[in-house]
Each structure stands twice: as structure tokens, then as C-alpha cells.
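All heavy atoms count here, side chains included; hydrogens, waters and symmetry mates do not. Index from 1, following the sequence.
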Amino acid sequence: KGFAPNTVAAYQNDLAQFCDYLDDISQRECAAQGIPPREISWHQVNKFRLLSYIVEELKAKKRYVPATVARKVSAVRSFFRYLMKQGSIQADPTEDLPSPEVQKKAPRTLTVDEADALLAQPSGSKAPEARRDRAMLELLYATGLRVSEMMALNTDDVNVEAGYVRCTGRGSRERVVPIHPRAVGALDQYLTYGRPNLMRGDDEPAMFLNYRGSRLTRQGFWLIIKAYAEAAGINRGIPPHTLRHSFAAHTLGSGAKLPDVQKLLGHASISTTQMYTRGAPSVKYAPR
């Protein structure tokens, strides 16, 4: 399906937890019957076992919030649908399985003043890392790219002269996003004066490099934005996607049309984009 590595890892963890629960149930049942432990086959997993997993394991024992329970149930449901397609089972026990209702909250965003303060932090230095950081922050706020999409960029994905970036999002969907001139300027400064000083060879295609000259990671960027947020006096958590969320809310607040913002963000469903209309600030200009 072209899911991102983080999504695949989450599904793996969710399914591993489900398997651990089934193993524990099997051992308890065998112990009660005085027989050697044995594995539960997928044919033996019925709706009762699934409801027990949700109520006993996810809610009572782990005390997960509804959103986490819903995600884990979704992983199990997808797995059994896969087993049905493969012909490994004859009936899908998740067919009528209820999912917890999840109240979708508007994503956390910065105010326009906070965004300005955050983006201004690297501007006081001409060090290669500062030029890189300014280019990344400006790019995220100007395009709404996901952090993982930005980290995956190569130099030939960014056209400074034409002012656009080409990225591959979820489901391997490619899109081209225009870049505001201010962000173009920051990228040009980085490519001219920053990136050459971070390179340790001529064969690294990554757009954004760490001090070793290799591709910067999502975790590395999170540490960078966290430090700049503290320096800007933003005393609340700044998840990596904060600038993406702020781009969406501020762009809609400036009067942009919902389908246009959906296309820029790469959302498969417009309902996902609609979340940003709740509490979107009224701003005079779209993100630069």
C-alpha cells in the first residue's frame, strides 16, 4: 500500500501485541484444562476473543485512550481482511466488530506571531547548520510538507529557479508543491553556502544533511525544532508536524479554498483537511 516506515512499524507493534495476548489466553486455557500449551490458530479467533482483547487488554489493563484503541483495532481488522483475501480463513471475525468513537480534535498549530518567532531563530547565524535549519523551517511553513517527506527529498526534487518541490507522500502518491519566494531564498542560500560545507563527498543525493554529511533524520529534525521553539519562547510541546498543521490552518484562514489546500497537503480525503477549519485563525496573508 506504500505506507511510510513509521506506519508499518506501528502496525507491526499493534499486531505483535495482539499475538502476545492470544498466546497468554492460550496458555491460561491449557493450564485450566491440564494440557500442554498450544498456539491458537487464526480459525479459532472469534468475535468473543476480539472483544475480550479490546475490553481486557486495551481498555482495562493498558488503559489506552479511545484513539489508540481504535488504531489497534484497525490494525487487527486489516490483518483479518488480508487473511480472508489470502484464503487462510473462511470467515472474518472482525466483520461486525465495533470501533470506539473517536472525537477528532483540530491539530495543534502555532499562532502567526509564534510562527514568525520560530522561523526567525536560525537567521542570526551564517553557519552551515543555521542556513540548513532556516531552509527547512521556511520550506515546511511554505509548503505544508510532512517531515518525513522533507527528510526524503533529494536535491533534484527541489527546483529553486522554478519555485517548486516534488515529493512522494502516503500511498506513493507524488505531488508538486509551489514554494513561496521567501522560502526559495532560504533554500538558495542553503544550497549555495550551507550544503557544500556539510558535504563529505560528492555522491550524497539528500537535500538536507547532518554534520556527518549524510541524510538528516526525522529524529534529528525534531531535536532541532524543539531547541528553536524553546529559544523563541514557545513553552509548549512542538511536534514535528506543527509547521505542517500551521501551514494548513493559516492558509485556510487567509481564504484559500479547501480542495486547493487538500491538494497541497496530499490528503486522500477532504474530510482530513476539514479538521483545520475548526478554529483556523483569520490571517491577512497566506504562509510565506
Side-chain angles (χ1 to χ4, degrees), residues 2 4 107 109-110 112 115-116 118-120 122-123 128 130-196 198-199 202-209 215-218 220-221 224-225 240-270 272-273 276 280 283-288:
T109 64
L110 300 173
V112 175
D116 287 339
L118 178 64
L119 270 60
S123 302
R131 294 184 188 274
R132 175 202 64 198
D133 298 347
R134 179 170 175 256
M136 290 192 299
L137 295 177
E138 291 281 1
L139 180 64
L140 285 182
Y141 189 52
T143 62
L145 293 185
R146 298 178 179 91
V147 174
S148 57
E149 293 171 345
M150 184 177 71
M151 294 297 96
L153 290 177
N154 292 327
T155 53
D156 57 4
D157 293 321
V158 181
N159 191 319
V160 174
E161 293 183 358
Y164 71 82
V165 59
R166 182 181 66 250
C167 69
T168 302
R170 292 177 178 172
S172 299
R173 294 187 296 270
E174 185 179 282
R175 69 187 190 279
V176 175
V177 184
I179 310 173
H180 190 278
R182 173 164 169 162
V184 168
L187 288 165
D188 185 54
Q189 288 289 308
Y190 166 64
L191 289 170
T192 303
Y193 303 108
R195 190 176 182 277
L198 292 172
M199 293 177 62
D202 297 329
D203 58 347
E204 176 54 67
M207 178 67 180
F208 296 108
L209 306 177
R215 188 182 298 274
L216 187 69
T217 65
R218 178 188 174 91
F221 175 78
I224 289 169
I225 194 173
H241 275 353
T242 298
L243 283 173
R244 172 176 167 84
H245 298 326
S246 301
F247 162 83
H250 295 176
T251 302
L252 287 168
S254 70
K257 295 181 179 179
L258 197 62
D260 294 336
V261 178
Q262 176 194 4
K263 184 177 179 181
L264 291 173
L265 293 172
H267 286 157
S269 170
I270 200 168
T272 306
T273 317
Y276 295 103
V283 297
K284 190 173 182 181
Y285 302 107
R288 51 183 180 270

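Partners of Glu149 under the side chain to side chain contact (heavy atoms under 4.5 Å, CB included) rule, at least two apart in sequence or in another chain, are Leu145, Arg146, Cys167, Arg175. Residues satisfying the side-chain hydrogen bond (donor to acceptor under 3.5 Å, both in side chains) criterion with His245, sequence neighbours excluded, are Tyr276.
Pairing each heavy atom of Ala130 with each of Pro122, the nearest pair is O-CB, 3.5 Å. Between Ala142 and Ala183, the shortest heavy-atom distance links the atoms CB-CB, 3.7 Å. Nearest heavy atoms, Gly144 versus Leu265: O-CD2, 3.7 Å. Scanning all heavy atoms of the two residues, the minimum distance from Ala206 to Thr155 falls at O-CG2, 3.9 Å. Residue Pro178 comes nearest to Thr143 through the heavy atom pair O-CG2, 3.7 Å, listed as atom of the first residue, atom of the second, then distance.
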Exercise for the section: I would like to know whether Leu243 and Leu119 meet side chain to side chain contact (heavy atoms under 4.5 Å, CB included); could you show each step before the answer? Expected result: CA-CA 10 Å; Leu243 283 173; Leu119 270 60; 4.0 Å; yes
Practice task
May I have the step-by-step check of side chain to side chain contact (heavy atoms under 4.5 Å, CB included) for Arg244 and Leu140, ending in yes or no?
Solution key: CA-CA 6 Å; Arg244 172 176 167 84; Leu140 285 182; 5.9 Å; no
Exercise for the section: Under the side chain to side chain contact (heavy atoms under 4.5 Å, CB included) rule, what do Asp133 and Ile225 come out as? Steps first, then yes or no, please. Expected result: CA-CA 8 Å; Asp133 298 347; Ile225 194 173; over 6 Å; no
Handout entry: Residue pair Met150, Met136: steps toward the side chain to side chain contact (heavy atoms under 4.5 Å, CB included) verdict
Key = CA-CA 8 Å; Met150 184 177 71; Met136 290 192 299; 3.8 Å; yes
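Going from atom CZ of Arg218 over to atom OG of Ser148 covers 6.0 Å, rounded to the nearest 0.5 Å. A distance of 6.5 Å separates CG of Leu139 from CG of Leu153, quoted to the nearest 0.5 Å. Once rounded to the nearest 0.5 Å, the distance linking CZ of Arg166 with OG1 of Thr168 reads 8.0 Å.
You'll find the ring centres of Phe221 and Phe208 outside the 6.0 Å limit. Here His180 and Tyr141 keep their ring centres 6.0 angstrom or further from each other.
Between the side chains of Asn154 and Arg215, a donor-acceptor pair is found at a separation under 3.5 Å.
In this structure, Glu161 places its CD atom where only 12 or fewer heavy-atom neighbours from other residues, nucleotides or ligands lie under 6.0 Å away.
With Ser254 contributing its side chain and Thr251 its backbone, the two residues share a donor-acceptor pair below 3.5 Å. Gln262 places a side-chain N or O within 3.5 Å of a backbone atom of His267 that can act as its donor or acceptor partner. Side chain of Arg131 to backbone of Tyr190: no donor-acceptor contact under 3.5 angstrom is found. Arg132 places a side-chain N or O within 3.5 Å of a backbone atom of Leu209 that can act as its donor or acceptor partner.
Across Asp157, Leu216, Leu187, Val165, a single residue satisfies side-chain contact (heavy atoms from CB on, under 4.5 Å) together with Met207, and that is Leu187.
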